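In what follows, a structure is listed as structure tokens, so that the remarks can point back to it.
Remember, it's a predicted structure, so these values are computed and weren't measured experimentally.
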Amino acid sequence: MRLVREAAISTLTDTRIRWLDSCRGVAILLVIVLHAGEALRITVGPTPGVDQFNLFLEPFRMPVLMFLSGIMLPQSMARTGRKYFIGKVSKVAWPYVLWSLIILAASGDLGPAAVTQVFYSSPTYLWYLWFILVFYALAYPLRRVPPLLIAGTSLGISFMLSDGSRPETMAFLLAFFFYGAWSARHPREIAGIIGKPWVLAGGGACAVTVGVLNVAGWEVLYQGEFAWGVAGALVIVCWFFPRFPAGRVTAVLEFVGRYSIVFYVAHLGPIMITLALADAIGSTGAWYVLPLLLLVGIGVPLGLAWLYSTREHLSVTLLFELPALHRLDGRRTRDGQRARNL
């Protein structure tokens, strides 16, 4: 049993960690619920229950996603520098830039200023991908610095930055990204800590407290002084998801998590189009609008993710990665091996 717990967050092998995928899948689905609820609230006003649900989870969604990305950092760092950066450009930078331009074009804001901003401060809801790119770029030159030191320093810096500013948000989330990297390297310590009942109870109490404070209107989002609430949520996440029983639900969540990039970049367009159509026919106040928004917000990316997973449609693959970079790198590697053999 101890070995099972330790393996839960270990990234020392190249195999996928299934609970990370299922957890990421839940987090991405909660992002879709958030945006569907926000779109409806902006159009027709408050949605009782949905607004409170989203507010309660708001302090945890992005920090958890950053933590999960950080857990995979040691595995990425095990590659050569060239493969490391090619992977990030192909599967993060490319879809970020492409979909940022698609979103700007769809909103009628494809001007020079907005396009330029894509590269230094994301002007769309894809800011998470921009943050991840910055974090990966920082991680490589800092690869010999203890991750926990970087996490602590980043969290400390967040206290000195303007409340609600993007730099503060970046510093706060960077702390959890590197905390995830540290956790991946210390599975025994993490397993020993989260396995204690009093730690689970305390973590749950901290998370609930911060969630309730956010619902009540306190400024807790990405605030360093409330990081203990996010830490409490991570305790629950790291304990619960490795123990989640395998089954159809888990398989679906793992699929969503494995192709989370598709769901993240492609969900808001169908939601906004559906909401505009509902508004045009005067049905935005109907009870079925929110379920309909969730249906298209999840269903359309699900179809795209399935097509992407088959690797049979280059036009779909190019929406989410740039495979030519991997082919070019593979060709260079083979040519280098031939030269050495000669």
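The shortest non-hydrogen separation linking Arg311 to Thr317 is NH1-CG2, 3.8 Å. The shortest non-hydrogen separation linking Pro59 to Val230 is O-CG2, 3.5 Å. Gly70 and Pro74 get closest at one heavy-atom pair: O-CD, 3.5 Å. Pro323 approaches Leu314 most closely through the heavy-atom pair CG-CD1, 4.3 Å. Here the shortest heavy-atom pairing between Phe176 and Phe172 reads CD1-O, 3.4 Å. Here the closest heavy-atom approach between residue Val237 and residue Pro242 is recorded as O-CD, 3.8 Å.
Relative ring orientation between Phe177 and Tyr136 is described as perpendicular, the plane-to-plane angle rising above 60° on a 0-90° scale split at 30° and 60°. Ring geometry for Trp182 versus His186: interplanar angle under 30°, hence parallel rather than tilted (30 to 60°). Under the 30°/60° scheme for interplanar angles, the aromatic rings of Trp99 and Phe320 are found to lie parallel. Between Phe67 and Tyr179, the ring-plane angle classifies as tilted under the 30° and 60° cut-offs. Below 30°, between 30° and 60°, or above 60°: for His267 and Tyr264 the angle between ring planes is between 30° and 60°, a tilted geometry.
No close placement of the Phe263 and Tyr259 rings is indicated, their centers lying 6.0 Å or farther apart.
A single hydrophobic cluster is not seen to contain both Ile42 and Leu290; linkage of ILVMFWY side chains at heavy-atom distances under 4.5 Å, directly or through other members, places them apart. Both Leu307 and Val262 are assigned to one and the same hydrophobic cluster, defined by single-linkage of ILVMFWY side chains at heavy-atom distances under 4.5 Å. The hydrophobic cluster containing Leu133 does not contain Tyr120, counting ILVMFWY residues as joined when their side-chain heavy atoms lie under 4.5 angstrom apart, directly or transitively. Side-chain heavy atoms closer than 4.5 Å link hydrophobic residues (I, L, V, M, F, W, Y) into clusters, and following such links, even through other members, never connects Ile157 to Leu149. Hydrophobic clustering, with ILVMFWY side chains joined whenever heavy atoms are under 4.5 angstrom apart, groups Val44 together with Leu268.
Residues Phe119 and Val97 meet the side-chain proximity criterion, which asks for heavy atoms closer than 4.5 Å. In this structure the side chain of Met170 never reaches within 4.5 angstrom of the side chain of Tyr222, judged on heavy atoms. Between Phe241 and Val26, the closest side-chain pair of non-hydrogen atoms falls below 4.5 Å. Contact check for Leu29 versus Leu253: side-chain heavy atoms found under the 4.5 Å cut-off. Residues Pro245 and Thr250 have side chains not in contact (no heavy-atom distance under 4.5 Å, counting atoms from C-beta outward). The side-chain heavy atoms of Ile194 and Ile236, taken from C-beta on, include no pair separated by under 4.5 Å. Under the 4.5 Å side-chain criterion, counting only non-hydrogen atoms from C-beta, Ser122 is not in contact with Gln117.
For the pair Arg143 and Tyr140, the cation sits on the ring face: its NZ or CZ lies under 6.0 Å from the ring centre, inside 45° of the axis.
Side chains of Ser76 and Lys88: a donor-acceptor N/O pair is present below 3.5 angstrom, by distance only. Looking at Arg166 and Ser121, their side chains do bring a donor and an acceptor atom within 3.5 Å of each other.
Under a 3.5 Å cut-off, the side chain of Thr116 and the backbone N or O of Pro112 do form a donor-acceptor pair. Formation of a donor-acceptor pair under 3.5 Å by the Thr80 side chain with backbone atoms of Lys83 is found in this model. With hydrogens and angles ignored, the 3.5 Å screen pairs no side-chain donor or acceptor of Tyr96 with any backbone N or O of Val265. In this structure, Ser260 contributes its side chain and Val256 its backbone to no donor-acceptor pair below 3.5 Å. No donor-acceptor pair closer than 3.5 Å links the side chain of Tyr308 to the backbone N or O of Glu321. Formation of a donor-acceptor pair under 3.5 Å by the Ser154 side chain with backbone atoms of Ala171 is found in this model. Here the side chain of Ser69 pairs no donor or acceptor atom with the backbone of Ile132 at under 3.5 angstrom. The main-chain N or O of Glu168 is never found under 3.5 Å from a side-chain atom of Ser158 such that the two would form a donor-acceptor pair. A distance-only check finds no donor-acceptor pair linking the side chain of Trp127 to the backbone of Thr124 [under 3.5 Å]. A donor-acceptor pair under 3.5 Å links the side-chain atoms of Thr169 to the main chain of Ser165, judged by distance alone.
No more than 12 heavy atoms of other residues, nucleotides or ligands sit less than 6.0 Å from atom CZ of Arg248.
With values rounded to the nearest 0.5 angstrom, Thr47 atom OG1 is found 9.0 Å from Glu38 atom CD. Interatomic distance, Thr43 OG1 to Arg41 CZ, rounded to the nearest 0.5 Å: 10.0 Å. Of the inter-residue distances, the one linking Met77 atom CE with Leu142 atom CG reads 8.0 Å to the nearest 0.5 angstrom. Put simply, NE2 on His313 and CG on Leu319 are 12.0 Å apart, with the number rounded to the nearest 0.5 Å. To the nearest 0.5 Å, atoms CD1 (Ile271) and NE2 (His35) are separated by 8.0 Å. The CG atom of Leu40 sits 12.0 Å away from atom OG1 of Thr274, with the distance rounded to the nearest 0.5 Å.
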Test Phe131 against Leu174 for side-chain contact (heavy atoms from CB on, under 4.5 Å), laying out the working first. CA-CA 8 Å; Phe131 275 29; Leu174 181 64; over 6 Å; no

With side-chain contact (heavy atoms from CB on, under 4.5 Å) as the criterion, how do Trp239 and Lys196 come out once you've worked through the C-alpha distance, each side chain's angles and the decisive distance to 0.1 Å? CA-CA 10 Å; Trp239 181 87; Lys196 295 179 172 60; over 6 Å; no

Could you walk me through whether Met66 and Tyr128 pass side-chain contact (heavy atoms from CB on, under 4.5 Å), step by step? CA-CA 9 Å; Met66 289 297 182; Tyr128 166 77; 3.4 Å; yes

Start with the C-alpha distance between Phe240 and Phe244, add both sets of side-chain angles, then the distance that settles ring pair (Phe, Tyr, Trp, His ring centres under 6.0 Å), and finish with yes or no. CA-CA 6 Å; Phe240 175 77; Phe244 196 73; 5.4 Å; yes

Between Arg243 and Trp19, is the side-chain contact (heavy atoms from CB on, under 4.5 Å) condition met? List the steps. CA-CA 8 Å; Arg243 293 165 173 78; Trp19 80 264; over 6 Å; no

Distance-only criterion, 3.5 Å: show the donor-acceptor pairs between side-chain atoms of residues 291-306 and protein atoms not counting sequence neighbours.
none

Throw together a table of side-chain donor-acceptor distances under 3.5 angstrom for residues 199-219, partners on residues two or more places apart or in other chains.
| residue | atom | partner | partner atom | Å |
| --- | --- | --- | --- | --- |
| Thr209 | OG1 | Ala205 | O | 2.7 |
| Asn214 | ND2 | Leu55 | O | 2.6 |
| Asn214 | ND2 | Glu58 | OE1 | 2.8 |

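Salt bridge present: Asp21 and Arg24 bring a charged side-chain N and a carboxylate O closer than 4.0 Å.
Residue Cys23 forms a side chain to side chain contact (heavy atoms under 4.5 Å, CB included) with just one option from Leu65, Leu68, Ile71, and that option is Leu68.
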